[in-house]
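Encoded as structure tokens, the structure appears first; notes follow it.
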Amino acid sequence: MKKIKTLGLITLGAAVMISASACTANNAGDIQNNNSTKAVNEKAAPSPANNEVAQNRLQDDFYEAVNAKWLKSTELPANKVIIGGLADLDTDVKKAVSDDLAKMAAEGRDKTDDAIGSMVKFYKLAADRDKLNKQGFEAIKADIQKIKSTKSLEELASKQKEFYFKGLALPFSLNLLSDMKNATDYALYIEAPAPVMPDKSYYASENPQSEVFLGLYKKMLTDLLVMVGESDTEAARIAGEAVDFEQEYVQYTLSAAEASNFESFYNPKSIDELKAYSKSIDFEKFLVDVVGKVPDHISVMSVNYFENLDTFLNENNWDKVKSWTYANFVLKSSSLLSDDFVNASTQLGRALSGQQEMTATEDTVHNIVNAAFKYVAGSYYGESHLGAAARQDVTSMVENMIDVYRDKLLNNDWMSEQTKTEAIKKLDHMKTHIGYPDKLEDIYASLKVDENKTLFENNRAIQTIITKNNFAKLDKPVDRDEWRMSANTANASYQPLTNTITIPAAALQAPFYDKNQSASQNYGGIGTIIAHEISHAFDTNGAKYDEIGNMANWWTESDYKKFEEKAKAVIDQYSNMDYLGQKINGEMTVSENIADIGGLMAALEAAKQLPDANLNEFYKSYATIWRQKARPELEQLLLTIDAHAPNKIRVNAVSANTDDFYSTFNVKKGDAMYIAPEERLTLW
């Protein structure tokens, strides 16, 4: 399951992060809440009694009222788990890129010796489903035999370099990111392997759903193992041991809620400290083999996992380790094999998210190509489908939003001048990536495709080049101009480790942004997104990092205490909100809720400065961009793992915390959207 939030990258939303293959890995101040506050979101789930949408008043349920027509008339396709907003942008971008790739392939664009030519050649391999279906699992037979012939944990350790670069499962992973205490340099971060299911709670016996989903997980692995030649009995044994091993180690990993605090990831250790974690794995040799050197320190992301490594990673547990390695490899490889492997490997993901039918083949092909060539595809998409004029228009909006934030920081009544100065410094040093990069990194010119080799082999070669190129950056300074979200990604992000916001071209579409919309509508759309990302620089995570990304305290003690009180007020308000019969996890979602509130308020100030400001349009535009239909299973999953509040709450709760919402729509005490003035949340 892909992570919703990753270290160094805070995304706008989770909608496009969940897919049919979600469970298939790729290679390589206190406020007293009252009932009126709670009522803002009590109507989160429409009554299933009939197909009519309730005629909600704007003053009682803003989200439902604005989006009533769309919610009533739009059907969720059987092969989708979510539509609306970001998910629709993602669908549109995939179609545009896929159509262009098909056209370029037909025109012979794969014959040119450049990055786009290589991408088109790779596309042709992925799109030739007849050839892939004939190949079956031929491409991974040798690797399966390599795993099956490994007799001990000691022997596995001796093959760690080969296994790592071949993408074979190892019980730890490496990341190269900015050093949190020295952000101009890179640091290595070591982490536990990502579990297949979305959160550790899905493995816990106290979770009433765990037995069902663990059973489905075992069935999926069993099916795949039978498909690669194992008998039913042997496949069931291997799958059972693989899931048992994963269940053993996952208890020591971070939950989604714990991982929402980035500071917890930074635990620098010397090589001697790292080596002491394992009697079976020589981490020093591993680093030399894979990275080429042993750095001064390695940050251990999940300390509890490595402190308990020997309890599950030992020779006595070798059979389970081997089964996990084998089954995981087949699962991870399946997306690059025949259609029957793709179908079998996505069955757990479809069950978790409620998807009723398989993802369309063209989307499967797109996902394969994008995993290897996303920055090439993104650069192409941005230049071809956005263009320079729109990029400059949005860049001007970003500059204006930063000016608004500067005024809000300077004029707030709770920060000292000393802290204000540091906050402005951070704002002034913020990097902005808008639309698409001016040029691609040189690495992408070296990604060559051999049409005489299989899709799987080509993908492995490409992922190896990319991985080695990343590790080669260890001795080089961090490039804050480097894009870390591709331009064809229907999302937006903030990186605290580089103090950078990214607004990709894919997000610059209607209803978020449209040159034919009024400026008020665009500020209610993409304006709130831009301001949301800027706000992340000053949320509960961003507040701990300085202007270049160092984890440093730039607050006075009294100011930070006031900030914590304001964050606590956000936690308390959201924790009192109901959605689908559950309470929102205010702790897990606090950073995103702060960004939502701060972002809407900043965009609102910018819109009010327009000569033809129309706040009715502004607020309705904001409600429109977050309209959504999703499978109930997916919504339950997101409540467990997503750092973002549900979309309906992002609209109703955030709007109801702004004073202008009341004057614009004549909201009064007694209306369900009403929050008493003294209980409305403000930050900057």
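Values below: every heavy atom of this structure, side chains too, minus hydrogens, waters and symmetry copies. Residues take their numbers from the sequence shown, with the count starting at 1.
Here the shortest heavy-atom pairing between Val478 and Ala183 reads CG2-O, 3.5 Å. Across all non-hydrogen atoms, the minimal contact from Met397 to Asn522 is CE-O, 3.9 Å. Closest of all the heavy-atom pairs between Tyr189 and Met301 is CB-SD, 3.7 Å. Summarising the geometry of Ser178 relative to Thr498, their closest heavy-atom pair is OG-CG2, 3.9 Å, with the distance given to 0.1 Å. Across every non-hydrogen atom of Tyr380 and Ile116, the tightest pair is CD1-CD1, 4.1 Å. For Val342 against Ser334, the heavy-atom pair with the smallest separation is CG2-O, 3.6 Å.
Side-chain atoms of His536 and Asp539 form a donor-acceptor pair, as typed in the model, at a separation below 3.5 Å. For the residue pair Asn499/Glu547, the side-chain donor-acceptor check at 3.5 Å is not satisfied. Using modelled atom types and a 3.5 Å distance limit, the side chains of Lys166 and Thr464 yield no donor-acceptor pair. The closest side-chain donor-acceptor pair between Glu592 and Thr589, if any, does not fall under 3.5 angstrom. Under 3.5 Å, the side chains of Asp100 and Tyr123 contain no donor-acceptor pair of N or O atoms. Looking only at atom types and distance, the side chain of Thr624 has no donor-acceptor partner in the side chain of Ser621 under 3.5 Å away. Residues Gln135 and Ser338 have side chains that never bring a donor and an acceptor to within less than 3.5 angstrom of each other. A donor atom on one side chain and an acceptor atom on the other are found under 3.5 Å apart for Asn367 and Lys94.
Relative to the ring axis of Phe137, Lys141 places its NZ or CZ within 45° and under 6.0 Å from the centre. Stacking of Lys468 on the aromatic ring of Phe165 is recorded, both the 6.0 Å distance cut-off and the 45° axial limit being met.
Formation of a donor-acceptor pair under 3.5 Å by the Asn459 side chain with backbone atoms of Leu455 is not found in this model. For the pair Gln463 (side chain) and Arg460 (backbone), a donor-acceptor distance under 3.5 Å is absent. With Asn133 contributing its side chain and Asp339 its backbone, the two residues share a donor-acceptor pair below 3.5 Å. Side chain of Ser396 to backbone of Gln392: a donor-acceptor contact under 3.5 angstrom is found. Within the 3.5 Å criterion, the main-chain N or O of Gly117 finds a donor-acceptor partner in the side chain of Asp114. At distances below 3.5 Å, at least one donor-acceptor pair connects side-chain atoms of Ser518 with backbone N or O atoms of Gln521.
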Determine whether Lys95 and Asp363 satisfy the following criterion, salt bridge (Lys or Arg N to Asp or Glu O under 4.0 Å), listing intermediate values before the conclusion. CA-CA 8 Å; Lys95 185 178 189 312; Asp363 285 349; over 6 Å; no
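The number of heavy atoms from other shown groups lying within 6.0 Å of NZ (Lys146) does not exceed 12. Other residues, nucleotides and ligands place no more than 12 heavy atoms under 6.0 Å from the NZ atom of Lys374. In this structure, Lys473 places its NZ atom where more than 12 heavy-atom neighbours from other residues, nucleotides or ligands lie under 6.0 Å away.
The aromatic rings of Phe262 and Phe265 sit parallel, their planes meeting at an angle under 30°, below the 60° perpendicular limit. Taking the six-membered ring where the residue is Trp, His385 and Tyr381 present parallel rings, their angle staying beneath 30° rather than reaching 60°.
In this structure, Phe373 CZ and Leu101 CG are separated by 10.5 Å, a value rounded to the nearest 0.5 Å. Note: Arg109 CZ to Lys121 NZ = 11.5 Å, rounded to the nearest 0.5 Å. For the atom pair OG of Ser333 and CG of Leu168, the computed distance is 7.0 Å after rounding to the nearest 0.5 Å. Annotation: the span from Thr74 atom OG1 to Arg627 atom CZ amounts to 6.5 Å, rounded to 0.5 Å. In this structure, the separation between NZ on Lys515 and CG on Asp393 is 10.0 Å, given to the nearest 0.5 Å. Atom CD1 of residue Ile190 and atom CG of residue Leu287 lie 6.5 Å apart, to the nearest 0.5 angstrom.
Side-chain contact between Tyr436 and Glu383 is present, with heavy atoms from C-beta onward closer than 4.5 Å. Considering only heavy atoms from C-beta on, Leu447 comes within 4.5 Å of Ile466 through its side chain. Residues Val196 and Leu348 form a side-chain contact, since some pair of their non-hydrogen atoms from C-beta on lies under 4.5 Å apart. At least one side-chain heavy atom of Tyr545 sits under 4.5 Å from a side-chain heavy atom of Met180.
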